[in-house]
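Bear in mind that the values here come from a model prediction, so they are computed numbers and not experimental data. Just the heavy atoms: all of them, side chains too, but no hydrogens, waters or symmetry mates, feed the values below.
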Amino acid sequence: MDVKSRHHLRSDAIGEIEDALAEGLGVTLDADSFEKVELEGGDWEVVLVDGDPLVFYDDGDPFLTVRGANEYPPAKRLVTVDAGAVQFVSDGADVMRPGIVDADEAIAAGDLVVIAEESHGKVLAVGRARVDGDEMVGDEGKVVDSVHHVGDDLYDLAV
């Protein structure tokens with residue numbers, strides 16, 4: 001993906017990102033520079049935080065990338081999957097109920113969520129919840145649609 005435009009963010013835009021991540025994920029970014037990058041031929045609007053693509057916009061709202069969530073582990077909107085789901089989720093598959101071992105009960109259907117594996121807590125993907133958090137653990141059905149995952153174009157982005 002080629003960069004279409006790149007510019008430093010104003011303090012009010014940085015404040016909006018920091019507030020959204022603090023409220024939505026319980027994350028406080030500790031950074032000196034924020035640059036918004038728009039990419040050619042891509043749907044992603046990315047924010048470089050101290051030079052790394054740690055934040056992206058989805059439907060106009062900022063959210064952590066997989067790399068961002070691994071650097072700043074979220075306290076909210078977290079879905080944890082078992083070892084059997086790791087390969088599928090890492091390859092971009094949607095998340096099914098049988099693979100989920102835990103989910104934040106405050107998640108509402110439609111929320112962006114962070115998907116992590118249970119052994120080491122590493123984030124594998126970001127997805128959109130199809131159901132509320134208290135309905136995610138179970139025996140069957142797709143409950144999270146994959147939006148961004150380890151190894152996709154956004155994850156591999158080097159600017």
Side-chain angles (χ1 to χ4, degrees), residues 1 9 16-31 34-39 41-137 141-159:
M1 291 190 290
L9 294 177
E16 288 175 12
I17 291 170
E18 291 175 330
D19 291 347
L21 296 178
E23 182 181 322
L25 296 170
V27 169
T28 302
L29 295 180
D30 180 25
F34 292 79
E35 292 179 84
K36 189 169 185 181
V37 176
E38 293 182 46
L39 304 169
D43 297 330
W44 305 110
E45 282 186 40
V46 179
V47 176
L48 303 179
V49 179
D50 288 339
D52 295 319
L54 303 184
V55 175
F56 75 105
Y57 284 88
D58 184 77
D59 289 335
D61 297 320
F63 201 80
L64 290 176
T65 63
V66 169
R67 288 168 56 179
N70 278 315
E71 187 160 333
Y72 295 97
K76 302 177 184 177
R77 292 196 194 173
L78 189 61
V79 175
T80 306
V81 297
D82 63 20
V86 169
Q87 180 66 42
F88 299 104
V89 173
S90 295
D91 287 341
D94 295 332
V95 183
M96 308 296 282
R97 271 193 185 100
I100 297 175
V101 295
D102 191 34
D104 179 355
E105 291 190 4
I107 293 170
D111 283 348
L112 280 178
V113 298
V114 174
I115 303 152
E117 53 87 25
E118 71 176 327
S119 300
H120 302 99
K122 293 295 181 194
V123 174
L124 307 170
V126 171
R128 184 158 312 276
R130 288 181 163 214
V131 299
D132 295 342
D134 60 358
E135 299 175 35
M136 286 196 178
V137 177
K142 189 184 301 185
V143 292
V144 178
D145 294 321
S146 183
V147 172
H148 156 53
H149 61 89
V150 170
D152 69 7
D153 289 344
L154 179 55
Y155 184 84
D156 291 336
L157 178 66
V159 180

Check salt bridge (Lys or Arg N to Asp or Glu O under 4.0 Å) between Lys122 and all other residues, then give those that pass, not counting sequence neighbours. none
Those residues at least two apart in sequence (or on a different chain) that pass salt bridge (Lys or Arg N to Asp or Glu O under 4.0 Å) with Asp145 are Arg130
Indicate yes or no: at least one non-hydrogen side-chain atom of Ile17 is less than 4.5 angstrom from one of Leu9. yes
Should Val126 and Val66 count as side-chain neighbours, where that means a heavy-atom distance under 4.5 Å? yes
Which heavy atom of [X] sits nearest a heavy atom of [Y], and at what distance?
X	Y	value
Val131	Met136	O-CE, 3.6 Å
Gly151	Asp156	O-OD2, 3.1 Å
Val89	Ala125	CG1-CB, 3.7 Å
Asp94	Ser146	OD1-N, 2.7 Å

Contacts under 3.5 angstrom, residues 18-27 side chains, donor-acceptor by atom type, not counting sequence neighbours:
none

List in chain and number order the residues that pass side-chain hydrogen bond (donor to acceptor under 3.5 Å, both in side chains) with Asp58, two or more places apart in sequence or in another chain; answer none if no residue qualifies. Arg128
Whether [X] side chain and [Y] backbone form a donor-acceptor pair below 3.5 Å:
X	Y	answer
Asp91	Ala93	no
Arg67	Tyr155	yes
Asp134	Glu105	no

Table please: side-chain donor-acceptor pairs of residues 109-116 below 3.5 Å, with sequence neighbours left out.
unit_1: Asp111; atom_1: OD2; unit_2: Ala108; atom_2: N; d: 2.9

Does CZ in Phe88 sit with more than 12 non-hydrogen atoms of other residues, nucleotides or ligands closer than 6.0 Å? no
Which residues share a ring-ring contact (aromatic ring centres under 6.0 Å, His included) with Phe56, sequence neighbours left out: Trp44, His148
